[in-house]
Amino acid sequence: MVKKYFEHVGSFLRPEELKVARQQFDNGDISKEALKEVEDKAIIELVNKQVAAGLDKITDGEFRRSYWHLDNFWGLNGVSHEHFGRGYLFHDEETRDDTAVLRGTLGFTKEKHPFISHFEFYKKIADDKGVEAKITIPAPAQFLAELERGKNVNSIGDFYQDRGSFLTDIARVYREEILALYEAGARTIQLDDCTWGMLIDEDYWQTRQREGLSKQDVIEDYLFVNNNAIKDLPNDLMINTHVCRGNYHSTYASKGPYDDVAEAFFARENAETYFLEFDDERSGGFEPLSHLPKEKVAVLGLITSKNGKLEEKEAVIKRIQEAKKYLPLENLWLSTQCGFASTEEGNILTEEDQWKKLALVKEIIDDVWKED
């Protein structure tokens with residue numbers, strides 16, 4: 001069975017000093033070097049706080065990113081940072097309208113992609129503290145979904161004459177990035193993947209159906225790019241994945257239970273640990289967990305990152321007991337349902353709230369799994 005660790009999904013609320021510096025940089029008031037100094041300081045302080053909280057694996061909180069996903073796409077060759085004209089539509093809110101558009105054949109250059117040096121910076125700090133540095137990147141399926149988002153799809157035919165070579169190239173550049181991160185010292189890489197959350201939302205799927213797509217075909221495409229990106233990797237590299245239904249400024253983008261994708265995603269994707277949203281009724285029941293093979297772990301996201309209200313410990317433990325009906329306790333674990341700031345805006349809670357949430361996760365882990 002996969003070994004389990006106390007780890008956070010990924011992102012943390014940006015400190016005010018960092019938010020101010022980023023705005024100053026965007027306005028042209030400070031240099032890139034000055035912004036980096038603020039980022040470095042904030043990341044060092046964050047790592048210290050994560051270590052103090054007892055986390056076994058730490059991240060840089062995604063402090064150098066604007067988005068959890070787009071910054072990674074923009075670092076790939078052949079991809080352009082453009083404006084869609086409309087943001088992602090969340091419940092009661094619309095995001096900024098940044099997107100990634102294909103403007104050439106895909107490629108990966110280690111020296112060009114910013115995530116490599118980003119990781120190297122906080123890995124050195126983690127090593128000094130005796131903890132592991134993990135990195136979160138958006139899944140290949142998420143990249144495919146962005147390149148095919150609405151009008152973005154029109155540019156793909158300019159560079160790829162058949163879909164097979166396009167999907168193969170997505171998997172290839174991702175595998176090259178993953179291996180570059182491994183070379184830099186990463187031993188846990190998490191693929192954040194909202195595509196499965198979109199597929200199980202009937203309102204979303206009705207829109208896709210009008211494009212003449214088959215849900216099963218889309219599922220197979222997602223599995224193809226994800227699994228081919230992570231095939232034949234070093235044995236000591238752990239691949240996690242994380243699914244939520246959107247996490248922008250404490251709002252959500254999709255809803256629905258895992259039932260429709262459980263067989264494909266849980267049984268056929270080659271991830272080891274699944275961080276799964278289960279913080280409210282939008283996620284459905286635990287029944288689909290029965291599709292997870294015995295060598296995989298489901299990390300139950302029962303503690304919400306969307307608000308500061310602290311969950312009742314006994315209520316969370318009761319839900320873990322419910323999940324045990326479908327998956328043994330040794331295959332279950334606990335976390336927040338998502339990060340605290342999937343974009344630089346962050347969710348509507350305080351920094352004190354986020355650390356209380358993580359302390360609760362640790363307390364419940366120590367209680368429920370003390371004999372595991």
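By convention here, the first residue in the shown sequence is residue 1. Atom set for the values below is all heavy atoms of this structure, side chains included, hydrogens, waters and symmetry mates excluded.
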Charged N-O contact under 4.0 Å between [X] and [Y]:
{"X": "Arg149", "Y": "Glu146", "result": "yes"}
{"X": "Glu287", "Y": "Lys325", "result": "no"}
{"X": "Glu330", "Y": "Lys294", "result": "no"}
{"X": "Asp353", "Y": "Lys309", "result": "no"}
{"X": "Lys313", "Y": "Asp367", "result": "yes"}
{"X": "Asp260", "Y": "Lys215", "result": "yes"}
{"X": "Glu281", "Y": "Lys255", "result": "no"}
{"X": "Asp56", "Y": "Lys134", "result": "no"}
{"X": "Arg172", "Y": "Glu176", "result": "yes"}
{"X": "Arg22", "Y": "Glu344", "result": "yes"}
{"X": "Lys49", "Y": "Glu351", "result": "yes"}

If the condition is side-chain contact (heavy atoms from CB on, under 4.5 Å), which residues does Glu37 pass it with, not counting sequence neighbours?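 Checked Glu37 against side-chain contact (heavy atoms from CB on, under 4.5 Å); zero matches.
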Grab the two heavy atoms, one from [X] and one from [Y], that are nearest each other, plus how far apart they are.
{"X": "Cys194", "Y": "Gly246", "answer": "SG-N, 4.3 Å"}
{"X": "Asp71", "Y": "Arg65", "answer": "OD2-CA, 3.6 Å"}
{"X": "Thr304", "Y": "Lys357", "answer": "O-NZ, 3.1 Å"}
{"X": "Ile178", "Y": "Ala229", "answer": "CD1-O, 3.9 Å"}
{"X": "Ser305", "Y": "Asn247", "answer": "OG-OD1, 3.9 Å"}
{"X": "Pro288", "Y": "Phe266", "answer": "O-CD1, 3.3 Å"}

Would you say the side-chain atoms of Asp366 pair up with the backbone N or O of Glu363, donor to acceptor, closer than 3.5 Å?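 Between the backbone of Glu363 and the side chain of Asp366 there is no qualifying donor-acceptor contact (under 3.5 Å).
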Relative to Phe84, does Lys151 satisfy both conditions: NZ or CZ under 6.0 angstrom from the six-membered ring centre, and within 45 degrees of the ring's axis?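 The answer is yes, since Lys151 meets both limits relative to Phe84.
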Taking it one step at a time, do Phe265 and Leu199 satisfy side chain to side chain contact (heavy atoms under 4.5 Å, CB included)? CA-CA 11 Å; Phe265 181 51; Leu199 282 175; over 6 Å; no
Tell me whether the centres of the aromatic rings in Phe63 and Phe12 are closer together than 6.0 Å.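 No, the ring centres sit 6.0 Å or more apart.
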For the residue pair Phe115 and His113, categorise the inter-ring angle as parallel (less than 30°), tilted (30 to 60°) or perpendicular (more than 60°).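 Plane angle over 60°, so perpendicular.
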Under 3.5 Å, is there a donor-acceptor pair linking the side chains of [X] and [Y]?
{"X": "Asn27", "Y": "Gln23", "result": "yes"}
{"X": "Thr350", "Y": "Glu352", "result": "no"}
{"X": "Asn307", "Y": "Asn347", "result": "no"}

Show me the donor-acceptor pairs within less than 3.5 Å that the side chains of residues 73-80 make with the rest of the protein, sequence neighbours left out.
residue : atom : partner : partner atom : Å
Trp74   : NE1  : Thr99   : O            : 3.0
Asn77   : ND2  : Thr109  : OG1          : 2.8
Ser80   : OG   : Glu82   : OE2          : 3.0

Pick out which of Phe278, Trp369, Phe275 makes a ring pair (Phe, Tyr, Trp, His ring centres under 6.0 Å) with Trp333.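 The single option meeting the ring pair (Phe, Tyr, Trp, His ring centres under 6.0 Å) with Trp333 is Trp369.
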Can you tell me which residue pairs pass the salt bridge (Lys or Arg N to Asp or Glu O under 4.0 Å) test with a partner in residues 230-243, sequence neighbours excluded?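 The answer is Arg187-Asp236.
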